[in-house]
> 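Just passing along the structure, written as structure tokens.
Note: hydrogens, waters and symmetry copies are ignored here, and every other heavy atom, side chains too, is used. Letters go in sequence order (proteins before strands), and every chain restarts at 1.
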Amino acid sequence: MAKNLLIVESPAKAKTIEKILGSDFQVKSCFGHIRDLEKDDMGIDLQHEFRPTYIVPEEKEKVVRELKKVAKSSDEVWLATDEDREGEAISWHLCEVLGLDPGVTKRIVFHEITRPAIQQAVKNPRILDMNLVNAQQARRILDRIVGFELSPVLWRKMGMKNSLSAGRVQSVAVRLIVEREREIQAFSPQSSFRVGASFSAKDAGDRWVSFRAEGPGRLPDPESAGKFLESCIGAEYTVREVQVKPARKSPAAPFTTSTLQQEASRKLGYSVSRTMVLAQKLYESGRISYMRTDSVNLSETALEDIGQAIRGNFGPEYLESRTFRNRNESAQEAHEAIRPTNMAQSTIEDSDTRRLYELIWKRTIASQMSDAELEKTTARIAISTTREELTATGEVMKFEGFLKAYREDRDEEDGSEENPEGLLPPLAAGQSLRFEEMQATERFTRPAPRYTEASLVKKLEELGIGRPSTYAPTISTIQKRGYVEKRDKEGVQRQFQVLLLREGKITTVSQQEITGAEKSKMFPTDLGMLVTGFLKTHFNRVMDYGFTAKIEEEFDEIANGKKVWNEMIGTFYQPFHESVENTLEHAERVRGERSLGDDPATGKPVVARMGRYGPMVQIGQASQEEKPRFAKLKSTQSIETITLPEALELFRLPRNLGLFEEKEVVINIGRFGPYAQHDKKFYSLGKDLDPYSVALDRVIPLIREKRETRDNKTIKVFSTGNIQILRGPYGPYIKQGTRNYRLPKDKTESAAALTLEECKEIIEKGKASPGKRKRFPRKKPQAREPGSK
DNA sequence: CAGTGAGCGAGCTTCCGCTTGACTT
């Protein structure tokens, strides 16, 4: 039995550290937090200075039991959780649970898992910093209060059936998306004309090559564009001046969680959760350093490894050692940047994770490479007939530097055009140019683009909202709650004018372009917009973009011992709770009602509003004599934008398509989307079939297909005991009555060969195991009285 | 699984941050 027990958060780290420390230490993992606030009464005693009640959640009991056992048989316990607020709190909870004295228990920290860092840490233990622990408790308690007081307000005031939620992070994330949408709705594009001209000149090899030059700024309308072109008719064009300037580009810092998510989204099209799942795999297999980090720092050992890889792959002239600093003030830097653990390996076998690994490898290596050196050439071109001039720019790469390994992508910028800076032929002052043609092209300003998952993470990080471990879960929460949706938007055609000057004549042509097409963007739903509006009206402090940053300052003061945590919470709670009470008492139920006009058939009013089951349109008012008619909005429609004709269209369902096998086929939209009903059975229409226009001959194959899979589902039916063996999406399983039972892993191959006796055996075992936890929610853990066992 | 849409009220939901598997029909 080892003398010392050292506890870290991650099991993968535990393994590595155990190897480094040798036989004196047994290293165990606590898998993150081991206690949390009880859920009853928020786990907070509001009458007594917000005293928290912590419990060990059921899923953590096993870990805690194991740690207690090992701690008992060790001489000394060392706490080596991450060096940040949360890590300090985890160590304190460990003390509480394992019965350690926080005043003497050894607490060590390291920012990197390298031999020198760990050995150094073990030589310099400290004790727990209770100020830091209290800062974490304040953070935790404030989040619980905000979440558990705001959410019930929504349950009361939104009149929705589903379980709504609000919180310091998620509600602001939704607000960002809602406000971006409003900006886009309010945006009206302004058009202007940009002049461009093409010339040719001889290159070094005496061949004629074409190049482009840009006109002077933007011209407001077709008239002024036409005037400018007219003024150039018959002109001569001469190079007035050529300026050559060197320019440099520097590589980006190595990856943090947020920048990895952004680049994987831009370059590989991954969702943030996919990126994190793959990164976790790479981390667990020892390929990369820890993937939830806000630090851009690289360890000494890593720098050496990277330097060697640069010399080997590119040559010593490409090496330039750099240290990056975090721009983000809220960063807690408990870990290193995300980097490969072995730079000699530029790629890996595993096809799932290879692309992400290569991205990390390239970004890491580029971060320690030299600047790219460019030469920017600007030529001013005089027009003989006017005082205006044109400008041609070109860029030549003198030394590739880091660009040889990696180039960071950028999000689409608003309104900016891509600049086509290519090569220019050699030009000299006084040189006259051969004119080809000149155009004035109509261009429109563009609204800010909608957020992608990754650009939303970037924005949240800038605002200091959320942490590396929560970006992906937050993005999925706001989608799961139905506040926002990720989807594509088709573009629309738009006309634009081009004025062309060629061979002394000006012509105007009209051209078409597709604009506004978006892929995989975040759109707010009606629910998201209504909830955001409601929360902003009644809880503007918490919804403020600067709220988190402000309270973070206070948490820092608690950590520095300048503030007392429960006083800080008290100052926040008093006015906050007052608004909660006020809102519960006075605020109207949110219906988001918008009237669309009258139904031409009946003359009754048509309104769009939020119903118990989502956005809908309604014809007529409820009264004694009559029930109004209702219809659900399509997922792409919105209460705020739907028109009367669109609303009336929705009342065309249910549609009877006629007979198939002498039974009626009826189309409607239900809880799970559009479906066809035939002979008392339901058939989902799927995404490709439009319920408003689909014809009978498209539905019949669907019915046949579904029947077939239904028949294939059954593997075996026993005549006694109501037992069946069925095929499900997770493999074969046994069904008895309404309950399902998993097959043991070694039996899934030979499911068809199972006998009745074997099935009964599996069922008995299945009944004995707890199973079906979700259906029967566990009893709340009993709060333990002091003195009782 | 494929209704519904008013309001009442039982009994439920809900937060953010740390960590990974076990499990799903």
> How many Å lie between CG on A/Asp143 and P on B/dC18, as a whole number?
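Distance, rounded to whole Å: 11 Å.
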> How do A/Leu150 and A/Lys60 order along DNA chain B: which one's closest nucleotide is nearer the 5' end?
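Its nearest nucleotide being more 5', the pick is A/Leu150.
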> What is the distance, to the nearest angstrom, from the CZ atom on A/Phe682 to the P atom on B/dC1?
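The distance from CZ of A/Phe682 to P of B/dC1 comes to 11 Å, rounded to the nearest Å.
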> Kindly indicate whether a cation-pi arrangement holds for A/Arg175 with A/Tyr545, taking the cut-offs as under 6.0 Å to the six-membered ring centre and within 45° of the axis.
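A/Arg175 over A/Tyr545 ring: yes.
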> Pull out every protein N or O sitting under 3.5 Å from an N or O of nucleotides 7-10 of chain B, one pair per line with the distance.
none

> Assess whether ring-ring contact (aromatic ring centres under 6.0 Å, His included) is satisfied between A/Tyr683 and A/Tyr675, documenting all intermediate values.
CA-CA 5 Å; A/Tyr683 302 89; A/Tyr675 65 94; 9.8 Å; no
> Between A/Leu79 (CG) and B/dT19 (C1'), how many Å, whole number?
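Whole-Å distance recorded here is 17 Å.
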> Could you say whether the aromatic ring of A/Phe148 and the base of B/dC15 stack, counting only centre distances under 5.5 Å and plane angles under 30°?
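Base of B/dC15: not stacked against A/Phe148.
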> Hydrogens and angles aside, do A/His111 and A/Glu333 bring a side-chain donor and acceptor to less than 3.5 Å of each other?
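Result is no, nothing qualifies.
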> How do A/Asp82 and A/Lys632 order along DNA chain B: which one's closest nucleotide is nearer the 5' end?
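First, find each residue's nearest nucleotide; the 5'-ward one identifies A/Lys632.
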> Using only heavy-atom distances, decide whether a donor-acceptor pair under 3.5 angstrom links the side-chain of A/Arg144 to the base of B/dC16.
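There is none.
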> Check the phosphate of B/dT20 against A/Gln280, side-chain N and O only, distance under 4.0 Å to OP1 or OP2. Yes or no?
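The answer is yes; a side-chain N or O of A/Gln280 sits under 4.0 Å from OP1 or OP2.
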> Under the 6.0 Å and 45° cation-pi test, does A/Arg144 pair with A/Phe148?
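Pair A/Arg144/A/Phe148 counts as cation-pi.
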> Just to be sure I understand the rule, does A/Gly87 reach a base, reach only the sugar-phosphate, or reach nothing, if contact means heavy atoms closer than 4.0 Å?
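The residue A/Gly87 makes no contact with any strand.
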> Looking at residues at least two apart in the chain, or sitting in another chain, which of them share a ring pair (Phe, Tyr, Trp, His ring centres under 6.0 Å) with A/Tyr290?
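Per chain and number, A/Tyr290 pairs via ring pair (Phe, Tyr, Trp, His ring centres under 6.0 Å) with A/Tyr283, A/His335.
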> Over all strands shown, is A/Arg85 touching base, sugar-phosphate only, or nothing at heavy-atom distances under 4.0 angstrom?
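Since no nucleic acid heavy atom lies under 4.0 Å of A/Arg85, the category is nothing.
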> Under 4.0 Å between a side-chain N/O of A/Arg481 and OP1 or OP2 of B/dC15, yes or no?
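Result: yes.
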> Check this for me: does any side-chain nitrogen of one of A/Asp82 and A/Arg292 sit under 4.0 Å from a carboxylate oxygen of the other?
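Salt bridge flag = no for A/Arg292 with A/Asp82.
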> Mind checking if A/Ile669 touches a base, just sugar-phosphate, or nothing, with heavy atoms under 4.0 Å?
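No contact.
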> Using whole Å, report how far CD1 of A/Ile465 lies from C1' of B/dG17.
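To the nearest whole Å, that distance equals 15 Å.
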> For DNA chain B, write out the stems as range with range, using runs of 3 or more consecutive Watson-Crick or G-U pairs with both distances under 3.5 Å.
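Stem list for DNA chain B: none, no run of 3+ pairs.
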> What is the distance, to the nearest angstrom, from the CG atom on A/Leu653 to the C1' atom on B/dA2?
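After rounding, the gap between these two atoms is 13 Å.
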> Quickly work out the A/His93 NE2 to B/dC18 P distance and round it to whole Å.
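That distance rounds to 13 Å.
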> Between B/dG5 and A/Lys627, is there an OP1 or OP2 to side-chain N/O distance shorter than 4.0 Å?
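So the side chain of A/Lys627 is within the cut-off, an N or O lying under 4.0 Å from OP1 or OP2 of B/dG5.
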> What pairs meet the salt bridge (Lys or Arg N to Asp or Glu O under 4.0 Å) rule with one or both residues in residues 148-160 of chain A, with sequence neighbours excluded?
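Checked against salt bridge (Lys or Arg N to Asp or Glu O under 4.0 Å) - neighbours excluded - no pair reaches residues 148-160 of chain A.
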> A/His678 has an atom NE2; how far is it from atom P of B/dC1, in whole Å?
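Between P of B/dC1 and NE2 of A/His678: 21 Å.
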> Find the distance A/Tyr683:OH to B/dA2:P and express it as a whole number of Å.
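Computing the A/Tyr683:OH to B/dA2:P distance gives 15 Å.
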> Does A/Gly614 reach a base, just sugar-phosphate, or nothing at all? Heavy atoms under 4.0 Å.
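The answer is base, as A/Gly614 lies within the cut-off (heavy atoms under 4.0 Å) of a base atom.
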> With side-chain contact (heavy atoms from CB on, under 4.5 Å) as the test, would you mind laying out the steps for A/Gln261 and A/Thr257 before giving the verdict?
CA-CA 6 Å; A/Gln261 289 172 346; A/Thr257 303; 3.6 Å; yes
> If we require ring centres under 5.5 Å and near-parallel planes under 30°, does A/Phe31 stack on B/dC18?
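Base of B/dC18: not stacked against A/Phe31.
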> Whether A/Arg629 contacts B/dT4 is assessed here as follows: a side-chain N or O lying under 4.0 Å from the phosphate OP1 or OP2. Is that the case?
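No.
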> Classify the nucleic acid contact of A/Pro152 as base, sugar-phosphate or nothing, counting any heavy atom under 4.0 Å across all strands shown.
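Base, at least one base atom sits under 4.0 Å.
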> Indicate, with a heavy-atom threshold strictly under 4.0 Å, whether A/Ser684 touches base, sugar-phosphate, or nothing.
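Here A/Ser684 touches the bases of the nucleic acid.
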> Given side chains that start at C-beta, do those of A/Ile619 and A/Val607 come closer than 4.5 Å, heavy atoms only?
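A/Ile619 does not reach A/Val607 side chain to side chain.
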> Enumerate the residues from residues 166-175 of chain A whose closest heavy atom to DNA chain B is under 4.0 Å, giving them by residue number; use none for an empty result.
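Close to the strand are A/Ala166, A/Gly167, A/Arg168, A/Val169, A/Gln170.
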> With the threshold set at under 4.0 Å for non-hydrogen atoms, list the residues of residues 467-475 of chain A touching DNA chain B in residue-number order.
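Only A/Arg467, A/Ser469, A/Thr470 qualify.
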> Between A/Ser165 and B/dC15, does any side-chain N or O lie under 4.0 Å from OP1 or OP2?
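For A/Ser165, the contact criterion (side-chain N or O under 4.0 Å from OP1 or OP2 of B/dC15) is met.
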